Q: 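Okay, handing you the structure first.
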Protein chains: 2
Amino acid sequence: MARAATTSDVFNAIAEPQRREILVLLRGGERPVTELAEELGMTQPGASKHLRVLREVGLVRDRKAGKQRLYGLDARGLRPVHEWTGGFEQFWNESFGRLDAYVQDLKQARQED
Amino acid sequence: MARAATTSDVFNAIAEPQRREILVLLRGGERPVTELAEELGMTQPGASKHLRVLREVGLVRDRKAGKQRLYGLDARGLRPVHEWTGGFEQFWNESFGRLDAYVQDLKQARQED
DNA sequence: CCATCATATGCCCATATAGGCATGCGTCAA
DNA sequence: TTGACGCATGCCTATATGGGCATATGATGG
């Protein structure tokens with residue numbers, strides 16, 4: 001079945017390295033497709049496709065500007081990802097030694113009450 | 001070409017909803033495969049496959065415990081994701097009105113100096 | 001209306017899964 | 001050694017892209 005449609009999930013959308021690069025570039029302000037494509041070394045159709053995915057999950061907006069179409073960042077959708085990973089913050093500083101394992105066992109036991 | 005191998009990138013690993021569920025469950029402590037599979041309503045082989053991906057990107061560790069194999073969380077790999085998304089924090093509270101666009105244009109202009 | 005520039009799409013190919021199943025493998029108990 | 005139990009894998013299928021190209025669409029200037 002492959003992965004669920006990339007088009008309906010921010011986690012999927014940012015799983016693509018080039019799409020992440022696009023988002024980073026857009027922090028600097030709105031850009032037309034061609035410029036993005038050139039700066040990231042990809043073809044124009046390629047950039048358009050990635051932008052479409054980003055647009056469909058709401059991470060970018062597009063605005064007509066004469067002959068061009070400017071893409072701009074709408075980072076609100078990244079917030080859930082930031083918060084989700086933040087839910088693990090207390091864990092990524094642990095040493096994973098015996099003591100930690102023991103503590104986690106206690107937590108688990110408590111959960112199963 | 002489909003997406004780059006899920007096996008070498010944390011962003012890809014957590015793009016799968018069920019894998020995220022596994023990570024959340026593991027916050028409660030180590031668990032054997034079968035238990036994870038049952039709690040998440042997936043088959044044992046299915047759980048094993050997801051765990052393999054998570055293990056290959058370093059998000060979980062496994063430890064032999066007699067006949068069982070306990071999987072535990074190693075959230076350190078989530079930190080980069082948290083930080084990457086954090087880099088957009090200043091943007092997700094913006095209103096994206098005209099003023100904001102103007103401000104971003106200024107930022108962009110300054111960047112291009 | 002026509003030519004041109006900026007993008008978006010449609011197509012085709014190769015590849016990477018996610019799932020379902022059956023089965024191989026290692027460990028433990030009798 | 002024989003079973004049974006707990007997992008990991010191999011195999012096969014349907015699907016979802018990512019990329020490269022050619023081309024349809026739209027908007028702008030003459």
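In what follows, chains carry the letters A, B, and so on, assigned in the order in which the sequence lines appear, proteins first and then strands, with residues in each chain numbered from 1. Keep in mind it's a predicted model, so treat the numbers as computed, not measured.
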Q: Using only side-chain N and O atoms of A/Arg52, determine if any of them is under 4.0 Å from OP1 or OP2 of C/dA8.
A: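 Negative; the distance criterion is not met.
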Q: Under 3.5 Å, is there any donor-acceptor pair linking the side chain of A/Gln44 to the base of C/dA8?
A: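 Under the 3.5 Å cut-off, the side chain and the base do form a donor-acceptor pair.
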Q: Between A/Arg63 (CZ) and C/dA8 (C1'), how many Å, whole number?
A: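 Rounded to whole Å, this separation is 19 Å.
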Q: Expressed as a whole number of angstroms, how long is the span from B/Asp62:CG to C/dT27:P?
A: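 Rounding to the nearest Å, CG of B/Asp62 and P of C/dT27 are 14 Å apart.
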Q: So, is A/Thr34 close to the C/dT7 phosphate, meaning a side-chain N or O under 4.0 Å from OP1 or OP2?
A: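 A/Thr34 to C/dT7 OP1/OP2: side-chain N or O found under 4.0 Å.
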Q: Counting just side-chain N and O atoms, does B/Arg69 come under 4.0 Å of either OP1 or OP2 of C/dT27?
A: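 No, B/Arg69 has no side-chain N/O under 4.0 Å of OP1/OP2 on C/dT27.
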Q: Between A/Gly66 and A/Glu16, just flag the one whose closest nucleotide in DNA chain D comes earlier from the 5' side.
A: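 Final value for this comparison: A/Glu16.
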Q: Is it the case that the side chain of B/Arg20 and the backbone of B/Ile14 share a donor-acceptor pair, with hydrogens and angles ignored and the cut-off at 3.5 Å?
A: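 Checked: pair present.
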Q: OP1 or OP2 of C/dG19 less than 4.0 angstrom from a side-chain nitrogen or oxygen of B/Gln18, does that happen here?
A: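 Checking C/dG19 against B/Gln18, a side-chain N or O does come within under 4.0 Å of OP1 or OP2.
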Q: Side chain of B/Lys67 only, please: which of C/dG19, D/dC5, C/dG10 is the nearest?
A: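 It is D/dC5.
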Q: To the nearest Å, give me how far apart CG (A/Asp9) and P (C/dT17) are.
A: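 Rounded to the whole Å, the gap is 16 Å.
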Q: Could you tell me the separation between the NZ atom of B/Lys49 and the P atom of C/dC21, rounded to a whole number of Å?
A: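 Result: 11 Å.
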Q: Using a cut-off of strictly less than 4.0 Å, decide whether B/Tyr71 has a side-chain nitrogen or oxygen near OP1 or OP2 of D/dA8.
A: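 Checking B/Tyr71 against D/dA8: at least one side-chain N or O falls below 4.0 Å of OP1 or OP2.
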Q: Look at atom CD of B/Glu38 and say whether more than 12 heavy atoms of other residues, nucleotides or ligands are closer to it than 6.0 Å.
A: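 No, CD of B/Glu38 has 12 or fewer neighbouring heavy atoms, counting only those of other groups under 6.0 Å.
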Q: On the nucleotide C/dG19, are OP1 or OP2 found under 4.0 Å from the side-chain N or O atoms that B/His50 carries?
A: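 Yes, B/His50 has a side-chain N/O under 4.0 Å of OP1/OP2 on C/dG19.
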Q: Starting at CG of B/Leu36 and ending at C1' of D/dA8, how long is that distance when rounded to a whole Å?
A: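 These atoms are roughly 15 Å apart.
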Q: With a 4.0 Å cut-off on heavy atoms, is A/Pro32 in touch with a base, just the backbone sugar-phosphate, or nothing at all?
A: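 If one applies the 4.0 Å heavy-atom cut-off, A/Pro32 turns out to touch the sugar-phosphate alone, with no base involved.
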Q: If I take atom CD in residue A/Gln68 and atom C1' in nucleotide D/dG29, what distance separates them, rounded to the nearest angstrom?
A: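 Interatomic distance, CD of A/Gln68 to C1' of D/dG29: 15 Å.
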Q: Taking atom types as modelled and ignoring hydrogens, do the side chains of A/Tyr71 and A/Arg55 form a donor-acceptor contact shorter than 3.5 angstrom?
A: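 Looking only at side-chain atoms, A/Arg55 and A/Tyr71 do form a donor-acceptor pair, the distance falling under 3.5 Å.
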Q: Is there side-chain contact between B/Leu59 and B/Asp74, with heavy atoms separated by less than 4.5 Å?
A: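 Contact flag for B/Leu59/B/Asp74 side chains = no.
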Q: Just how far, in rounded Å, is C1' of C/dC5 from CD of A/Glu38?
A: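 Spelled out: CD on A/Glu38 to C1' on C/dC5 is 15 Å.
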Q: When the distance from CZ of A/Arg20 to P of D/dG18 is rounded to whole Å, what number comes out?
A: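 To the nearest whole Å, that distance equals 12 Å.
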Q: Taking A/Phe91's backbone N and O only, do any of them form a donor-acceptor pair with B/Arg27's side chain (distance below 3.5 Å, no angle check)?
A: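 No.
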Q: Between the base of D/dG6 and the side chain of B/Lys64, is there a donor and acceptor pair under 3.5 angstrom?
A: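 Absent.
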Q: Which nucleotide in the list D/dC21, C/dT7, D/dA8 gets nearest to the side chain of A/Ser48?
A: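 Nearest listed nucleotide: C/dT7.
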